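Taking it in order: structure first as structure tokens, then the write-up.
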There are 2 protein chains.
Amino acid sequence: MTSLGIGALAKRVGVRIDTVRYYERSGLLAPESRLESGYRRYSEAELTRLRFIRRAQVLGFSLKEIGELLALSKARNVVRVKRAAEVKLADVEERIAALVRMRDALSTLVSTCPGHGEPADCPILKSLGGEDCNEHS
Amino acid sequence: MTSLGIGALAKRVGVRIDTVRYYERSGLLAPESRLESGYRRYSEAELTRLRFIRRAQVLGFSLKEIGELLALSKARNVVRVKRAAEVKLADVEERIAALVRMRDALSTLVSTCPGHGEPADCPILKSLGGEDCNEHS
DNA sequence: CTTGACGCTGGACCATGGTCCAGGGTGTAG
DNA sequence: CTACACCCTGGACCATGGTCCAGCGTCAAG
């Protein structure tokens with residue numbers, strides 16, 4: 001059946017072989033089985049799991065957090081799973097809010113900056129708090 | 001005048017002394033002057049600069065990026081400063097979009113999860129791609 | 001002058017998330 | 001059987017962003 005070696009698995013998901021082994025060391029992704037020789041074999045389940053790990057990572061979750069998320073799928077307690085998801089949701093919303101504040105600040109700076117003229121007239125320079133814009137005493 | 005030792009500076013901004021020295025090693029924050037003894041002295045300008053570093057960091061900028069941002073305040077080329085700010089703005093907007101996608105996915109999961117019953121009915125568990133929810137071949 | 005807080009330097013150490021290498025063995029096609 | 005790609009393990013190494021320590025000098029109040 002669809003059984004992959006570590007190289008094929010890594011290629012499918014676009015990660016390095018070492019990364020797959022690193023995830024294994026980190027307790028995130030175990031091979032479905034091993035050949036007599038010790039070669040790792042992966043099934044579709046591990047492919048899905050590895051893709052999930054990568055997706056979650058891109059979205060700012062640490063490997064530790066991802067491990068917790070993954071652990072929830074084994075803990076068959078639906079209530080706890082839901083609560084954990086809610087916590088992650090709140091966390092993501094906080095991150096968004098912080099970035100939105102940054103975006104607003106940046107966009108105000110960009111739109112009020114004439115883009116020419118004296119540095120002293122540039123709101124971006126002023127807001128950076130650089131030496132050129134601050135009192136030296 | 002308002003001249004601070006490294007300890008006072010660190011306390012005002014809420015960072016450790018070692019962190020201030022680490023930023024100095026990284027080329028982000030030099031003391032305004034040194035006493036004969038070698039003690040670092042900081043003025044208001046450095047206080048502002050340190051606060052800027054922290055703010056930017058919270059918003060996901062690396063120390064390297066912060067260094068670039070700070071360098072712009074010395075480059076008195078307003079055009080380049082504005083362009084750099086626009087690039088950062090686009091970057092922040094991308095991060096927001098990625099997080100919003102994650103938030104939407106998470107919130108759909110949370111709101112469609114009954115919070116009780118069979119694990120098989122929990123959309124969160126299903127989406128994790130865990131072994132409990134996948135075919136084993 | 002003594003004491004205690006504060007500061008100095010250089011270098012070790014930490015966690016995170018990999019990445020690479022040596023020195024082997026294995027799998028398979030020709 | 002030979003070749004060559006693939007895989008194994010263990011351990012070193014990397015960048016980032018700190019954090020801590022030893023061993024020593026300094027500053028300021030009492």
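Naming: A, B, ... by sequence-line order, numbering from 1 per chain. The structure displayed is predicted, hence computed values, not measured ones.
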Taking side chain as C-beta onward, heavy atoms only, is Arg34(B) less than 4.5 Å from Arg41(B)? no
Side-chain ion pair, Glu24(B) and Arg40(B), N-O less than 4.0 Å: yes
Anything under 4.0 Å to a heavy atom of chain A counts; send over the first and last such nucleotide of DNA chain D, read 5' to 3'. dC6(D) to dT9(D)
How is Ser26(B) classified with respect to the nucleic acid when contacts are heavy atoms under 4.0 Å: base, sugar-phosphate, or nothing? nothing
Identify whether any heavy atom of Arg41(A) sits under 4.0 Å from a base atom; if not, whether one sits that close to sugar-phosphate; answer base, sugar-phosphate or nothing. nothing
Write down the distance between CZ (Arg40(B)) and P (dG7(C)), rounded to a whole number of angstrom. 10 Å
Any side-chain heavy-atom pair from Val13(B) and Ile53(B) closer than 4.5 angstrom? no
What is the separation between atom CZ on Arg16(A) and atom C1' on dC21(C), rounded to the nearest whole Å? 14 Å
Without decimals, in angstroms, what is the distance between Arg21(B) CZ and dC6(C) P? 13 Å
For Ser37(B) and Tyr42(A), take the nucleotide of DNA chain D holding the closest heavy atom to each; which residue's nucleotide lies nearer the 5' end? Tyr42(A)
Is there a path of hydrophobic side-chain contacts, each under 4.5 Å between heavy atoms of I, L, V, M, F, W or Y residues, that connects Tyr39(B) with Ile6(B)? no
Over how many whole Å does the gap from Leu35(A) atom CG to dT26(C) atom P extend? 11 Å
Is there side-chain contact between Leu47(B) and Phe52(B), with at least one heavy-atom pair below 4.5 Å? no
Contacts of Leu63(A) and Gly7(B) projected onto DNA chain C by closest heavy atom; the upstream (5') one is Gly7(B)
Does the side chain to side chain donor-acceptor pair (under 3.5 Å) test come out yes or no for Arg54(B) and Tyr23(B), once each step is laid out? CA-CA 11 Å; Arg54(B) 288 260 109 185; Tyr23(B) 291 163; 2.7 Å; yes
Which whole-number value in Å describes the distance from Ile17(B) CD1 to dC6(C) P? 8 Å
